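Here is the structure we will look at, set down as structure tokens.
Residue numbering restarts at 1 for every chain, and letters A, B, ... go by the order of the sequence lines. Every heavy atom of this structure was used, including side-chain atoms; hydrogens, water molecules and symmetry mates were not. Note that this is a predicted model, so its numbers are computed, not measured.
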Amino acid sequence: MNIKKLLIKTFTFIGGLYFFLEFVMPESVFDFDKYHESISNAFITMSCMAVGLGIINLMVLHLDRIVYKKKDYFFSLTLLLSLFITLVILSLDWYQNEKIVSKANKFLTLSKFSEVILDDEKAKNSKVLAVNIRNQKLISELEKDINLIDKNSININEAKERELKEVLERVEKSKDNIKKDYHSTKYNLNLSKRLRNLSIVYREYLQYKNKDSLIKKLYLICFDGFFNPLVMSMFSLLGFYVATAAFKAFKIKSFESFLMMLSALIVILGQVPFGVKIWNGFPSLRLWLLSVPSTGAFRAITLGAFIAGLVMALRMWFSLEGHEKGGKN
Amino acid sequence: MAFEHVNIVGLILIFLFIFIFFYFLYKNKRNPNLYIRKILGIDAISDVCDYAGETGRPVSFCTGLSSVGPVLYASLGVLSFVAKKAGTFKNRLLIPQYTPEVMAIVEESVQEAYESINRGSLFDKKDIRFLSDEQFAYASGYIGMIKRERACATFLFGTFAAESLILAEAGQEVGAVQVGATISPEQVAFFIASCDYTLIGEELFAASSYLTRKPLEITSIYTQDKVKLFIFFIIIIGSVIATINQIYPDLNLHNLDYFLTIEI
Amino acid sequence: MEKSYFDLLIIIIGGISTLAIFSFLIKENVFYRFFEHLFIGISAALGVILTFKNFLWPKVFYPLFGLDIVTYPDGTISKEYNYELLLLIIPIILGLFYYFIYSKKHAWLAKLVIGLSLGVSGGLAFKGFFNQAIPQIVSSFKPLVVILEGSVNYLQSFNNIVFLITLLSVMYYFFFTIKQESKVSKGISKLGRYLMMICFGAFFGSTIMARLSLLVERLGFLMTDWIGAIKEIF
Amino acid sequence: MQGKTRRFIYLFLIISLIFPLTTGYTLKPAPSSSVNMFFNKVDSLEDTGYAFIALDFGPQSKAENLYQAKVVIEHLMRKRIPIILFSMYTLAEPILESLAFEVANNLQKEIDGEYWEYGKDWINLGFRPGASLLLQAIPKSKNLQKLFSKDAKGNDLKDFPRFDALRTINDIIFLGQFTSLTGVFDTYLQFFKTKDYRPVFGHGCSSITIPESHIYLDSGQIDGLIGGIAGASAYEELLNNKYDKRNNKEASVLNTGVGVAQLLIVILIILGNINFTKLKKYLVK
């Protein structure tokens, strides 16, 4: 057993060592920055992979309730159904968006290709085909893709359509320039810029047309109908609980709770219309209380927590656990 | 003032800090009964567990929105203590979870706590429930669970945000004895209002040390205090320098932060 | 902006969801339980999809499978496959180790990965401390006497003194290992506790207005939008 | 605390919040110096440039920020100062689209014969991903029209003659930024200025972030501050005084509800203490 425990401890130590050295070592000694971004990404990937654990835990708990018809199994059914349906809606919505992006990115590829032709010609790159053949292939592919855009459905009244129409015309113009003379790359850079612009505009156009598709409607019902109102209603429960908590908390049991109640009253009177009628100094006293002493006290608490956190981090790094792992007390 | 890397002064401070920690660890190993002042909130933790033992109703331990980090690690210390107590008194221990990765760590730590008092059989994986990784869906699931299971004691240890008052008031409504501990000052105000006992800021870190009183734990508290004492005097010196700079502006002494930015 | 039937439907569902949550205040009931489980189901699905859509797919699997390499019409490809990406397989496999927590025999593999992530966050804490705590310490160096154009600014000096007294006394209150027997030290730590309580009370009072505004907005939504939508449909 | 007292408190709370909503009864809001500064700054603006309004808030803090933005936009529209709407926050998109239309409709109902139209009185740049990069580019840009290039609907800015003179940050005479996320506010503080020019900067914040925002008011980095729903109601009061035909008291109704509810809480606190001490006296006797 202790080989496994040793391996766990070394893994923990190495994980901590890398980030410790990255911070402590000056760049001159060892340039971490080159790898830092990919290593941080690696650790984020690792923790993201754990996302399935949550779903498995939910499934195990609620399927068990449904199968054995335990108490509240109907609600477990609701949970799993809403989980499954939302997964389907979100995946379809994601897939639909990916399809649009890939349709629009066709022009992005051609835009890059047009630039590559120009760069290869400048660099006198011999390993590639002659410029005229590549330009011909570029133009034939471009014509195929443009025909795919069902031009007849573009009616001019919408701003998005008008924009798409204009960009298409500009692309056609620079396309014809190249068609005049495939050998020259004079217009390639111009075509490349216009094609990149076309890919952006076309994507926005497709997304705009997709706005009232069935999946988008289901997405809106799911989020604007259920999810957002539920979030905001839970958040607004605080309005009720703040009142009951105030009633309970500001019962004077000791000098401390008296002080707490007094400062709460001052602040409340400083922010309500009738407070000013009693004494117009309340708002400024409220502001003073909230900005001078409060920042001092809150900073002392957070500083203490940072220091304690640093000590605990040191223990985590060296796997010095007092409690669970080794703790056989 | 952002630190991508640290200069020589910072380096010395870090190694000084690590040295102090291991020095106290070595010293505490020999005479473990060192003075730690009484902290009222922490003594309550074992009393609450005993009370839960009598009522026999479920106990709930919530790590809030904590992600993997020192706060979670400190909360695990208290969770392990509570799990052992729940094991001995045969209370059900409900642990609602917010992040999948934290759930894995919690599961492992609770299982070992049960096994360490050879109550492994009592450990029920289904009581460690993943609710949601969205703040208010988690709060909605938590208050529903607490009300339905009629928990008699709730522990709220870790990182909390605006939803802290919802969790605390729900426990209060069901008549549970509550111990709340968090490091964000804004939420402490709400815990004081709704919980029976509240641990403020670093008292959360001291809790696991205070409960187990093992040399390693005592060392953490001692190192914590020594570093804080150091910073306590740094702030006094820094303010004195700032005052001198005000009275004799032409002197314009470098304040202490200058040493952290000089490049040698 | 005339609201279509679809918008009215969404408002009505929104109103029902709001009432379901508010019904918890009366008592935990079936209506609330249904929407609670619905809420958890939707947010669990959202969590998984967002993790894939915003990170795992674009940053990990998409480049790993070389889907971002495009073949041009003349057969040439946009860029060579960067073999260093294969290193990404290591964190993916390590990430899968988490799922070994369910097996009795191989649970130690999960502990391996858990240990690794604990170690990482331990190592990161030093950088976190320097970037978070030190700026706060430095900004606490406040002069006790503030002089503005030759004359003492009493208000600012008084504020700085109060700030420092609060900061230091609250810090003093949180010393665990210093024997606080002497009258002076008892006095300072008691002062720290009292000042802390004043600040918690003040903060509590100031949040009441924000929380009530949220509630009044929700009630306003129910009274105007929701009832309006119902009237329009029926 | 037994269930009964709890439910009484909830009931009283709902009544005190709904009462102004149904009856339209409003209390005069507490005057606030920072709101007066904001109002006077906007009132003294001439039609010599553009107003840049950033709505960086979503459904969760709409309760306070929306009404602040509404009254400021109305004030700018009355003064015929062209408005550029923008947001760094994706959830703000529906608000960006509908808010200005709502204000325009109210104004047109109040003053017949005058019209406010999209493209003439305001344009909406919509939500921009990587917005902090865009913000950093604004002070340096020589041609903001090219930098923004299109509005949220895809129309080219060149199609709007009224916004043709938009070149550098000096053409932006007023920046109104509404949010409850402190990090977002700092970005505007840092970037929305050049060495020798800063537009008039008015900030709208939630009641929790009032103390932090006040620091920037005292240091002169911002010229006006609207705090929470109380601030929006105070601004609305100033508008009602200046324009007598206007009597829309939307923000004040909400503020009254919140004010009455807080009065209820003050009474609860006092009540809570009284029966406690009465209990003690009873036990002592």
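Between H37(C) and H62(A), the ring planes are perpendicular. Angles over 60° get that label, and only those under 30° would be called parallel.
With a threshold of 4.5 angstrom between heavy atoms, S169(C) does not approach chain A through any atom at all. Both the backbone and the side chain of K217(A) come within less than 4.5 Å of a heavy atom in chain C. With a 4.5 Å cut-off on non-hydrogen atoms, F174(C) touches chain A through its side chain but not through its backbone. Contacts between V216(C) and chain A at a heavy-atom distance below 4.5 Å are absent for every atom of the residue. Within the 4.5 angstrom heavy-atom criterion, only side-chain atoms of R218(C), from C-beta onward, approach chain A. Using a 4.5 Å cut-off between heavy atoms, F318(A) does not touch chain C at all. Both the backbone and the side chain of E256(A) come within less than 4.5 Å of a heavy atom of chain C. Residue L269(A) does not touch chain C at all, counting heavy-atom pairs closer than 4.5 Å. For chain C, the nearby part of F250(A) is the side chain; its heavy atoms alone come within less than 4.5 Å. Heavy atoms of N105(A) lying under 4.5 Å from chain C are absent altogether. For a residue to count as touching a neighbouring chain, one of its non-hydrogen atoms must lie under 4.5 Å from one of that chain's; by this rule V231(A) touches chain C with backbone and side chain alike. When heavy atoms are compared at a cutoff of 4.5 Å, T302(A) approaches chain C solely by way of its side chain, counted from C-beta outward.
Closest of all the heavy-atom pairs between A245(A) and F204(C) is CB-CZ, 3.9 Å.
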